[in-house]
Number of protein chains: 2
Amino acid sequence: MTVIFSKKCELGLQAVLYLSAFPKNTLFSALEISEKINAPKEFVSKILQTLTSSGIVGSKKGNSGGFYLKIDPGSVRLIDVVSAIDGLDLFRNCVLGFPGCSVDEPCPVHESWGKLRNETYTMLSNQTLAELRDITVNKINSLKK
Amino acid sequence: MTVIFSKKCELGLQAVLYLSAFPKNTLFSALEISEKINAPKEFVSKILQTLTSSGIVGSKKGNSGGFYLKIDPGSVRLIDVVSAIDGLDLFRNCVLGFPGCSVDEPCPVHESWGKLRNETYTMLSNQTLAELRDITVNKINSLKK
DNA sequence: CAAAAATAAGACTAAATTTTCTTATTTGCA
DNA sequence: TGCAAATAAGAAAATTTAGTCTTATTTTTG
């Protein structure tokens with residue numbers, strides 16, 4: 001089971017982080033990326049297509065084609081990728097699944113989860129891929145092979 | 001899509017919260033509970049069976065049978081229900097899905113998510129059902145009919 | 001121009017989760 | 001004792017998510 005994001009989203013985040021470790025516009029084939037993040041090539045390719053249509057990633061067809069980060073790493077935040085793939089329902093819905101959870105009819109953890117949820121949103125919004133670069137490079141390099 | 005818990009877990013939490021709003025050992029049939037929390041009866045019944053085998057809930061067969069909170073509401077915490085249904089992987093796995101995420105090989109949000117994850121765990125552990133009773137009763141009563 | 005290698009797109013399959021159904025067993029009560 | 005109503009248990013169906021396959025198109029290179 002995934003933690004809070006879907007598998008698609010996790011892999012999308014990993015792929016974009018991978019791309020952000022290299023100079024902007026550096027092309028990588030879906031195969032290269034999939035091997036690096038240890039995921040099925042076709043699945044990665046499909047996820048990157050989604051990110052392409054949302055504008056975060058660019059693609060180039062043909063013999064020497066591939067995917068690349070289209071937006072400057074200083075302008076992309078993790079939340080942008082999450083938003084493009086899973087959407088933001090995570091930050092709207094009641095964590096206990098109650099309907100109509102609000103200040104007037106709060107669930108038992110409405111306030112406390114609300115706070116944590118906002119902090120999570122902030123965490124995913126605060127830093128850009130550029131700011132995460134060093135730690136990202138270190139992590140990417142530790143992924144064996 | 002659910003927020004961080006599975007549907008089973010959400011409904012299990014709702015059902016237990018419902019039971020905790022009444023004096024301990026008060027019996028409710030799966031049908032009554034399912035109508036209250038607006039979920040399929042058989043599904044609720046199955047979830048409560050899980051909670052029965054984990055000891056949080058008790059069950060009584062036969063004509064006037066049903067389910068009841070077996071442990072005192074002052075001794076049950078939300079995390080106990082989560083643990084019984086979804087397990088605690090949520091509090092162990094990397095939120096970005098990276099393997100081997102650790103202090104030595106942290107992912108880009110290892111520290112910040114680690115903190116939020118611990119606070120989430122604390123939130124689900126701190127208060128007992130008894131302490132949540134007032135707000136629970138209010139929420140349950142707002143769920144129409 | 002033809003071959004090779006890549007993305008794009010969509011159909012298809014597989015797996016996991018959710019939900020329903022069926023049957024057995026238990027229990028209270030007339 | 002027999003019926004009705006409930007849980008127990010497990011099979012089956014439906015839905016969602018994950019992953020694969022196929023075909024088309026693009027682009028570079030020989």
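Throughout, protein chains are lettered first and strands after them, A, B, ... in sequence-line order, and every chain is numbered starting at 1. The model shown is predicted, which means the values in this text are computed figures rather than measured ones.
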May I have the distance from [X] (atom [atom1]) to [N] (atom [atom2]), rounded to whole angstrom?
| X | N | atom1 | atom2 | value |
| --- | --- | --- | --- | --- |
| Gln49(A) | dA6(C) | CD | P | 15 Å |
| Ile37(B) | dT19(C) | CD1 | P | 11 Å |
| Phe43(B) | dT17(C) | CZ | C1' | 8 Å |

**Fill in**
Residues at least two apart in sequence or cross-chain that pass side chain to side chain contact (heavy atoms under 4.5 Å, CB included) with Ser75(A), listed by chain then number, are Ile71(A), Asp72(A)
**Prompt:** Has the side chain of Ser102(B) got a donor or acceptor atom that lies under 3.5 Å from a matching backbone atom of Asp104(B)?
**Reply:** yes
**Asked** Between Asp80(A) and Arg77(A), is there a donor-acceptor pair closer than 3.5 Å when you use the side chain of the first and the backbone of the second?
**Response** yes
**Asked** Which is the 5'-most and which the 3'-most nucleotide of DNA chain D that has an atom under 4.0 Å from a heavy atom of chain B?
**Response** dA4(D) to dA11(D)
**Request:** May I ask you to list the residues of residues 1-15 of chain A, by number, that have any heavy atom positioned under 4.0 Å from an atom of DNA chain C?
**Result:** none
**Asked** So which of residues 57-65 of chain B are in contact with DNA chain C, with a heavy-atom cut-off of under 4.0 Å?
**Response** Lys60(B), Lys61(B), Gly62(B), Asn63(B), Ser64(B)
**Request:** For residues 104-131 of chain B, pull every pair meeting ring-ring contact (aromatic ring centres under 6.0 Å, His included), keeping only residues two or more places apart or in separate chains.
**Result:** Phe91(B)-Tyr121(B)
**Request:** Could you work out the complete set of other residues in the hydrophobic cluster of Tyr68(A), with links drawn between I, L, V, M, F, W and Y side chains under 4.5 Å apart?
**Result:** Leu27(A)
Which residues share a salt bridge (Lys or Arg N to Asp or Glu O under 4.0 Å) with [X], sequence neighbours left out:
| X | answer |
| --- | --- |
| Glu119(B) | Lys115(B) |
| Asp89(B) | Arg92(B) |
| Lys41(B) | none |
| Asp86(B) | none |

**Item:** Distance in Å, Phe67(B) CZ paired with Leu19(B) CG, rounded so as to fall on 0.5 Å steps
**Value:** 9.5 Å
**Prompt:** Which is true for Ser29(B) with a 4.0 Å heavy-atom rule: it touches a base, it touches only sugar-phosphate, or it touches nothing?
**Reply:** sugar-phosphate
**Item:** Residue whose closest nucleotide on DNA chain D lies nearer the 5' end, Lys46(B) versus Phe28(B)
**Value:** Phe28(B)
**Message:** Holding to ring-ring contact (aromatic ring centres under 6.0 Å, His included), I want the full list of residues that pass it with Phe22(B), two or more places apart in sequence or in another chain.
**Reply:** Tyr18(B), Phe28(B)
**Request:** Starting from the C-alpha separation in whole Å, work towards a yes-or-no answer on side chain to side chain contact (heavy atoms under 4.5 Å, CB included) for Leu78(A) and Leu132(A).
**Result:** CA-CA 10 Å; Leu78(A) 296 179; Leu132(A) 298 170; 4.1 Å; yes
**Asked** By a strict heavy-atom criterion of less than 4.0 Å, which residues belonging to residues 87-97 of chain A are in contact with DNA chain D?
**Response** none
